[in-house]
Amino acid sequence: MRGEYKVPDGKLVAVDVEVEDGQLAKVSLFGDFFLEPDEALEDIVAAVTGMPTTAGADTLGKAIADALDDDVSMIGFTPESVGIAIRRALGHATTWHDHTFDVIEPVSLDPALHVALDEVITREVASGNRPPTLRFWDWNAPLVVLGSFQSVRNEVDEEAAARHGIGVVRRISGGGAMFMEPGNCITYSLSVPTSLVDGLSFERSYAFLDQWVMGALADVGIKARYVPLNDIASEHGKIAGAAQKRFAAGAVLHHVTMAYDIDVDKMTDVLRIGREKISDKGITSSGKRVDPMRSQTGMTRDDIIAAFLTHFRTHYNTHTSAYTDTELTAARDLVDTKFTNPEWTYRVP
């Protein structure tokens, strides 16, 4: 059985494994990585041979790390990456190419409904009623979307928000606030089975799930990099932030918001934390905008989204899909019972 893992910003790690009596009986390790001294390859193989097939990537990685001398240099890969490749060979972990992804193109909806759809769609993926899904948001009204653990009063000037007609909703994932007006951001959500990030730490899974968008950004002329834990940046600074929620039922929600053309004056009037962030960037004069995706590409928001969709469809197996009536009904119910319920919104006052 063969398993492969491409280390983000690193090298390909591949293994062939044979199993006997629930143990790794034979392991062959190869790839385009660098390893010094050469003899360490035998030590890595010996460290995992005989281990149970139920061992996780962390356990396998620790066994390898413990077996290696301090003078061993693993360049372009890590002990953990070998563990991930082994897990994939055993069928515990999957790769992008093991799945056919539903792709839902932008549909203009109430933004609170998109927040609810994140939960609905990811639960559908966990239950097997929907395959892994990439969907792009579009929305018809302004909204501040708070991270799951943020304080409303610390983040939002509610009087200013009301004056601008902007509501406040708390999402299910962590991270920072999203200031959303129609057309000012590019937001997408990935709902995938946990097997796709099997063996990956939370930090590594952020970069792994956004590997595709790095290529998509390059297609539109932006050379991007991942900045741990959850930011995407170009040479001109931050352009996007990611957030994630893992469901015990067996799925992961990962979503990203990229600034396309944001009204700084309005954002800093509404978001308290935004005032500090913008002042740090030296943006203080009236009329300034945060517009990295517009200014760095010279493209319309629709054209950027179209390029992203083309990139994803070119690299992975996809099926064009749409929201079902059942999903939309469930999402509307969640908006009413949860996402516009003060008990949820103000659970962290």
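The residues of the chain are indexed from 1 along the displayed sequence. Keep in mind that the numbers below use all heavy atoms, side chains included, and drop hydrogens, waters and symmetry copies.
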**Student:** With side chain to side chain contact (heavy atoms under 4.5 Å, CB included) as the test, pick out the partner of Ile232 among Ile222, Val227, Val213.
**Tutor:** Val213
**Student:** To the nearest 0.5 Å, what is the distance between CD (Glu105) and OG (Ser321)?
**Tutor:**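 Spacing of CD (Glu105) from OG (Ser321) equals 11.0 Å.
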**Student:** Should the pair Arg88-Asp98 be classified as a salt bridge under the 4.0 Å nitrogen-to-oxygen rule?
**Tutor:** no
**Student:** Below 30° counts as parallel, above 60° as perpendicular, anything between as tilted: where do the rings of Trp96 and Phe312 land?
**Tutor:**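 It falls in the perpendicular class, over 60°.
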**Student:** Are any side-chain N or O atoms of Arg2 and backbone N or O atoms of Ala14, one a donor and one an acceptor, separated by less than 3.5 Å?
**Tutor:** no
**Student:** Name the orientation class of the two ring planes belonging to Phe136 and Tyr188 (parallel below 30°, tilted from 30 to 60°, perpendicular beyond 60°).
**Tutor:** tilted
**Student:** So if you build clusters from Ile, Leu, Val, Met, Phe, Trp, Tyr with side-chain heavy-atom gaps below 4.5 Å, do Ile172 and Val348 land together?
**Tutor:** no
**Student:** Relative to Phe202, does Arg246 satisfy both conditions: NZ or CZ under 6.0 angstrom from the six-membered ring centre, and within 45 degrees of the ring's axis?
**Tutor:** yes
**Student:** Flag the pair Tyr316 / His97 as yes when their ring centroid distance falls below 6.0 Å, and as no otherwise.
**Tutor:** yes
**Student:** Residues sharing Phe34's hydrophobic cluster, by side-chain heavy-atom contacts under 4.5 Å among ILVMFWY, directly or via others?
**Tutor:**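 Taking Ile, Leu, Val, Met, Phe, Trp and Tyr as members, Phe34 shares its hydrophobic cluster with Ile75.
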**Student:** When you check the side-chain N and O atoms of Ser173 and Arg171, is any donor under 3.5 Å from an acceptor?
**Tutor:**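 Side-chain D/A pair, Ser173 to Arg171: present.
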**Student:** Answer yes or no: is there an ion pair linking Lys62 with Asp66, defined by an N-O contact shorter than 4.0 Å?
**Tutor:** yes
**Student:** Between Asp138 and His114, what is the shortest heavy-atom contact and its length?
**Tutor:**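 Nearest pair, atom of Asp138 first, then His114: O-NE2, 2.6 Å.
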**Student:** Taking atom NZ as the centre, does Lys245 end up with more than 12 heavy-atom neighbours from other residues, nucleotides or ligands that are less than 6.0 angstrom away?
**Tutor:**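 Counting other residues, nucleotides and ligands, NZ of Lys245 stays at 12 neighbours or fewer.
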**Student:** Do Tyr323 and Arg135 get their side chains close enough for a donor-acceptor pair, meaning under 3.5 Å?
**Tutor:** yes
**Student:** Decide if atom CG of Asp21 counts as having more than 12 heavy atoms of other residues, nucleotides or ligands within a radius under 6.0 Å.
**Tutor:**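 Not buried by this count: 12 neighbours or fewer within 6.0 Å.
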**Student:** Side chains of Thr324 and Arg130: donor-acceptor distance under 3.5 Å anywhere?
**Tutor:**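 Short answer, no.
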